[in-house]
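I have placed the structure first, in the form of structure tokens, so that the comments after it can refer back to it.
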Amino acid sequence: MSALTVDPGPGHGQDWDDLVRIWEETDAPEGCKVEIIEGIVTVSPPPSKDHHTTAELLQRRLYSVIPEDWGIYQTLGVSVPGRAGLYIPDLVVLPRAVASGPGNRVPAEEVRLVVEITSPANANHDRIGKAHGYAKAGIELFLLLDPWHSGRPTATLYGEPSDGTYRLLEAVEYGGTLTLPKPFGLDLDTGVLPAG
């Protein structure tokens with residue numbers, strides 16, 4: 001992973017705009033993910049086939065339970081300026097109207113569920129930095145699928161964000177069933193997810 005350090009400064013104002021401009025102008029190799037994490041523009045390598053399969057399997061299950069006017073998006077930017085962040089979650093669920101129109105990012109407060117699938121290159125960003133950012137932004141549910149968790153692939157659901165911290169709602173090793181609460185009401189069999 002390469003990184004370009006930019007200090008967004010207090011209040012972000014014009015500095016945040018400059019950081020977003022750098023993010024927009026970063027010319028990364030095809031398939032790479034460019035994000036702003038804690039004021040640093042980062043470039044992550046393309047995800048593995050197992051990573052893509054995990055996203056596809058989860059997306060298929062989510063479509064069976066979300067409202068008709070919601071969508072599931074990959075590579076859609078989620079703006080978290082309060083954490084000097086512009087994240088590209090693996091999956092983001094939100095009302096379709098919010099994701100329609102020009103541009104390539106949405107405000108975090110519109111997101112109903114965000115999903116991150118760790119890779120060796122980004123696991124700590126997903127587990128720590130982005131988790132805090134999503135919580136600070138008030139995203140109701142954060143599902144972390146972590147095939148790289150200490151040799152034991154783990155699915156963890158966080159919710160009830162308060163003061164930049166999530167409450168752990170449920171955690172299971174792959175093979176167990178994790179339940180996404182309403183409005184999803186989905187029992188996710190993690191045994192179908194690739195472990196690595």
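None of the values given here were measured: they were computed from a predicted structure.
- No more than 12 heavy-atom neighbours from other residues, nucleotides or ligands sit within 6.0 angstrom of NZ on Lys136.
- Leu58 is not listed as a side-chain neighbour of Asp90, based on a closest heavy-atom distance of 4.5 Å or more.
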Legend entry - side chain to side chain donor-acceptor pair (under 3.5 Å) evaluation trace for Glu116 with Tyr134: CA-CA 11 Å; Glu116 292 287 358; Tyr134 293 139; 2.5 Å; yes
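- When only modelled atom types and interatomic distance are considered, Asp146 and Thr154 share no side-chain donor-acceptor pair under 3.5 Å.
- Ile37 contributes atom CD1, which lies 7.5 Å from atom CG of Asp126 (distance to the nearest 0.5 angstrom).
- Across all their heavy atoms, Ala137 and Ala108 have their closest contact at CB-CB, 3.4 Å.
- Rounding to the nearest 0.5 Å places OG1 of Thr54 at 12.5 Å from CD of Gln59.
- Two residues are said to be in side-chain contact when any heavy atoms from C-beta on lie closer than 4.5 Å; Ile128 and His132 meet this criterion.
- In terms of heavy atoms, Val172 sits closest to Thr177 at CG1-O, 3.6 Å.
- Here the closest non-hydrogen pair linking Leu145 and Ala155 is CD2-CB, 3.6 Å.
- In Asp69, the CG atom is crowded: over 12 heavy atoms of neighbouring residues, nucleotides or ligands sit closer than 6.0 Å.
- Looking only at side-chain heavy atoms (C-beta outward), Leu143 and Leu188 come within less than 4.5 Å of each other.
- Here His52 contributes atom NE2 and Leu57 contributes atom CG; the two are 13.0 Å apart, rounded to the nearest 0.5 Å.
- Dense packing is recorded around CZ of Arg96, with more than 12 heavy atoms of other residues, nucleotides or ligands lying under 6.0 Å away.
- When atom types are taken as modelled, the side chain of Glu35 and the backbone of Ile88 share a donor-acceptor pair closer than 3.5 angstrom.
- For the atom pair Arg21 CZ and Thr26 OG1, the distance stands at 9.5 Å (nearest 0.5 Å).
- Under the 4.5 Å side-chain heavy-atom criterion for Ile, Leu, Val, Met, Phe, Trp and Tyr, Leu168 and Ile139 are members of the same hydrophobic cluster.
- One hydrophobic cluster holds both Leu91 and Val93 under the rule that ILVMFWY side chains link at heavy-atom gaps under 4.5 Å.
- One N or O on the side chain of Trp23 and one on the backbone of Val34 form a donor-acceptor pair closer than 3.5 Å.
- Separating the CG atom in Leu144 from the NE2 atom in His149 is a distance of 8.5 Å, to the nearest 0.5 Å.
- Inter-residue side-chain proximity for Pro46 and His51 is flagged as unmet; no heavy-atom pair is nearer than 4.5 Å.
- No side-chain heavy atom of Leu193 sits under 4.5 Å from any side-chain heavy atom of Pro153.
- Ring geometry for Tyr158 versus Phe142: interplanar angle under 30°, hence parallel rather than tilted (30 to 60°).
- Taking the side chain as every heavy atom from C-beta outward, Val115 and Pro89 never approach each other to under 4.5 Å.
- A continuous path of ILVMFWY side-chain contacts below 4.5 Å connects Val43 to Leu19, so both sit in one hydrophobic cluster.
- The minimum heavy-atom distance between Glu170 and Leu178, with the atom names listed, is OE2-CA, 3.7 Å.
- Remark: side-chain polar atoms of Arg127 are not paired, donor with acceptor, to backbone N or O of His125 under 3.5 angstrom.
- The shortest non-hydrogen separation linking Ala99 to Leu76 is CB-CD2, 4.2 Å.
- With hydrogens and angles disregarded, a donor-acceptor distance shorter than 3.5 Å links the side chain of Thr190 to the backbone of Gly176.
- For Ala55 against Gln74, the heavy-atom pair with the smallest separation is CB-NE2, 4.4 Å.
- Side-chain contact between Val92 and Leu113 is absent, with no heavy atoms from C-beta onward closer than 4.5 Å.
- The cluster map of Ile, Leu, Val, Met, Phe, Trp and Tyr, joined by side-chain heavy atoms under 4.5 Å apart, puts Val114 and Tyr73 in the same cluster.
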